[in-house]
Amino acid sequence: MSLNQTIVALDQMSLDEIDLFLSHPDNTLPIVKIGLELFVKYGPDLVHKIHKDYKKKIFLDLKLHDIPVTVERAIHSLKNLPIDFLTIHISGGEEMLKAALNEARKSIPDCKILGVSFLTSLEEKDLKTLFGITNIDEAFLRLFGVAESSQIDGVICSPHEITLVKKHFPRLLVITPGIRFSDEINSQNTQDQKRVATPKDALNLGADFLVIGRSLTKAINLSERLKELASYLSQ
Ligand code: C5P
C-alpha cells in the first residue's frame, strides 16, 4: 500500500486538530501541505515540528510572487528548513522563476519548485476582465510553457489541465488539488472546489501527486478513506 503520491493539505485547522490528525494510528500519509495561513501564524517552527515529531515531508505552499531579487532572498531565508516542495506563481515571469530556482538549488537543494498557474478561484469572466483572456487552454499553455522554459520542476493544476500539461510538457511534474471521493462528487459535496476529480481519475489522467485536504482532514472515518485511497494508488 503506497500513499506516497498523496499530499494532505492542513488548512483551517487548529494546532490541536493538526496534532490529533497526524497522530491517528492509520495516518501514514507521508507529505503534508502547509499554506500561508499556518506559515504566517506559526512560521518555520511549525515546519520543523511537523517534520521532526511526525516524520512528514513538507510541501510549503507560499505561492511566492514578487520581483526576482525579493523572491530569491525569500528563498534564501528558507535555508535549512526541511521542505520538499515549494510553490511560486508562474505569472511572476521567467526571470523570477529562474532566480528562484537558482537560489533554491543552493539553499534548499532537495526541494522541488512548483509553479502555480491561474488560481482556481478565478472564473472565466475574471480571466477576461483581468487579462483579456478568451481562450483558456491557450492561456494555460502559455503559463506551462514558461514553467518549462525556466526549468522548474513541476506545476500545480486542476484535474482539467492535467492532460494539457502531460501532452505538451511531459517533463513537468503535475500536482493536482480539487480531489474528491466519488460519493462526495455524487452528492455534490465539493465545497468551494470548482474543477474536481476522484483520486482514481486524476491519477489516470497522469497526475504525479494529489493534494487532498478536507476530504481527509474532516473525514468522519479517516481509516476507511485512507483504505479507499490506497486501493487506487496501488492499482
Ligand atoms: O478542497 P481541499 O480541502 O481538498 O483543498 C486542498 C487544496 O486545494 C487547498 O489547500 C488549496 O491549495 C487548493 N484549493 C484550490 N481551490 C479551491 C480550494 C482549495 O485550488 N477552491
Side-chain angles (χ1 to χ4, degrees), residues 1-38 50 54 56-61 63 85 87 114 116-126 136-137 140 154-166 173-235:
M1 157 166 156
S2 165
L3 292 170
N4 290 346
Q5 286 167 284
T6 307
I7 297 162
V8 63
L10 305 177
D11 302 316
Q12 301 160 33
M13 294 171 88
S14 68
L15 288 184
D16 285 346
E17 285 168 335
I18 290 173
D19 272 333
L20 201 64
F21 179 75
L22 296 179
S23 316
H24 189 291
D26 290 339
N27 186 350
T28 54
L29 296 164
I31 315 170
V32 302
K33 181 164 91 70
I34 294 178
L36 266 187
E37 178 194 346
L38 286 173
I50 292 180
Y54 298 103
K56 301 292 183 192
K57 291 186 173 180
I58 310 288
F59 181 123
L60 191 58
D61 192 14
K63 297 188 176 72
F85 303 90
T87 52
L114 307 172
V116 175
S117 51
F118 296 114
L119 294 173
T120 56
S121 51
L122 295 177
E123 296 180 7
E124 277 188 41
K125 67 172 167 42
D126 298 312
I136 308 280
D137 272 4
F140 270 111
V155 295
I156 314 292
C157 71
S158 93
H160 286 203
E161 293 89 44
I162 300 172
T163 318
L164 203 63
V165 181
K166 286 293 174 187
L173 283 173
V174 169
I175 289 82
T176 304
I179 305 298
R180 288 292 182 273
F181 292 94
S182 42
D183 61 284
E184 296 175 308
I185 295 180
N186 292 339
S187 60
Q188 297 188 337
N189 183 16
T190 54
Q191 290 111 346
D192 53 355
Q193 289 284 7
K194 295 196 180 100
R195 289 169 265 172
V196 294
T198 63
K200 193 174 174 186
D201 287 346
L203 290 167
N204 285 341
L205 287 167
D208 296 291
F209 292 89
L210 309 177
V211 177
I212 312 181
R214 290 160 286 183
S215 297
L216 294 174
T217 58
K218 310 274 186 234
I220 293 167
N221 187 334
L222 180 61
S223 303
E224 283 304 313
R225 281 303 193 206
L226 290 173
K227 252 192 237 160
E228 188 180 345
L229 189 59
S231 74
Y232 303 132
L233 296 171
S234 57
Q235 278 168 15

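Keep in mind that this is a model prediction, so the values were computed, not measured.
Glu161 and Ser117 share no donor-acceptor pair across their side chains, judged by distance under 3.5 Å alone.
Taken from CD1 in Ile212 to NZ in Lys33, the straight-line distance is 12.5 Å, to the nearest 0.5 Å. Atom CD1 of residue Ile34 and atom CD1 of residue Ile7 lie 12.5 Å apart, to the nearest 0.5 angstrom. Summarising the geometry, atom OG belonging to Ser14 is positioned 9.5 Å from atom CG belonging to Leu38; distances are rounded to the nearest 0.5 Å. Interatomic distance, Leu29 CG to Lys56 NZ, rounded to the nearest 0.5 Å: 6.0 Å. Atom CD1 of Ile179 sits about 4.5 Å away from atom CG of Leu210, to the nearest 0.5 Å. Thr6 contributes atom OG1, which lies 8.5 Å from atom CG of Leu226 (distance to the nearest 0.5 angstrom).
Residues Asp61 and Val211 fail the side-chain proximity criterion, which asks for heavy atoms closer than 4.5 Å. Contact check for Ile185 versus Arg180: side-chain heavy atoms found under the 4.5 Å cut-off. Counting heavy atoms from C-beta on, the side chains of Lys63 and Ile156 never come closer than 4.5 Å. Side-chain contact between Leu164 and Asp137 is present, with at least one heavy-atom pair separated by less than 4.5 Å. Between Lys200 and Ser231, the closest side-chain pair of non-hydrogen atoms is not below 4.5 Å.
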* Can Asn189 and Gln191 be said to form a side-chain contact (heavy atoms from CB on, under 4.5 Å), step by step? -> CA-CA 6 Å; Asn189 183 16; Gln191 290 111 346; 4.0 Å; yes

* Step by step, work out the side-chain contact (heavy atoms from CB on, under 4.5 Å) result for Leu173 and Val155. => CA-CA 6 Å; Leu173 283 173; Val155 295; over 6 Å; no

* Under the side-chain contact (heavy atoms from CB on, under 4.5 Å) rule, what do Phe59 and Thr87 come out as? Steps first, then yes or no, please. => CA-CA 8 Å; Phe59 181 123; Thr87 52; 3.6 Å; yes

* When you look at Gln12 and Glu17, which way does the side-chain contact (heavy atoms from CB on, under 4.5 Å) test go after all the steps? -> CA-CA 9 Å; Gln12 301 160 33; Glu17 285 168 335; over 6 Å; no

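The two residues Gly206 and Ile162 make their nearest non-hydrogen contact at C-CG2, 3.8 Å. The nearest pair of heavy atoms linking Val196 to Gln193 is CG1-CB, 3.5 Å. Closest of all the heavy-atom pairs between Pro177 and Pro159 is O-CD, 3.4 Å. Scanning both residues, Leu205 and Lys166, for their nearest heavy atoms gives O-CG, 4.5 Å. Across all their heavy atoms, Thr176 and Ser158 have their closest contact at CG2-C, 3.8 Å. When all heavy atoms of Asp126 and Ser121 are compared, the closest pair comes out as OD2-O, 4.0 Å.
A side-chain donor-acceptor contact under 3.5 Å links Asn27 to the backbone of Phe21.
Results of the side-chain contact (heavy atoms from CB on, under 4.5 Å) test with Gln5 over Asp208, Ile175, Leu203 single out Leu203 as the only residue that passes.
If you look at Phe209 and Phe85, their ring centroids are closer than 6.0 Å.
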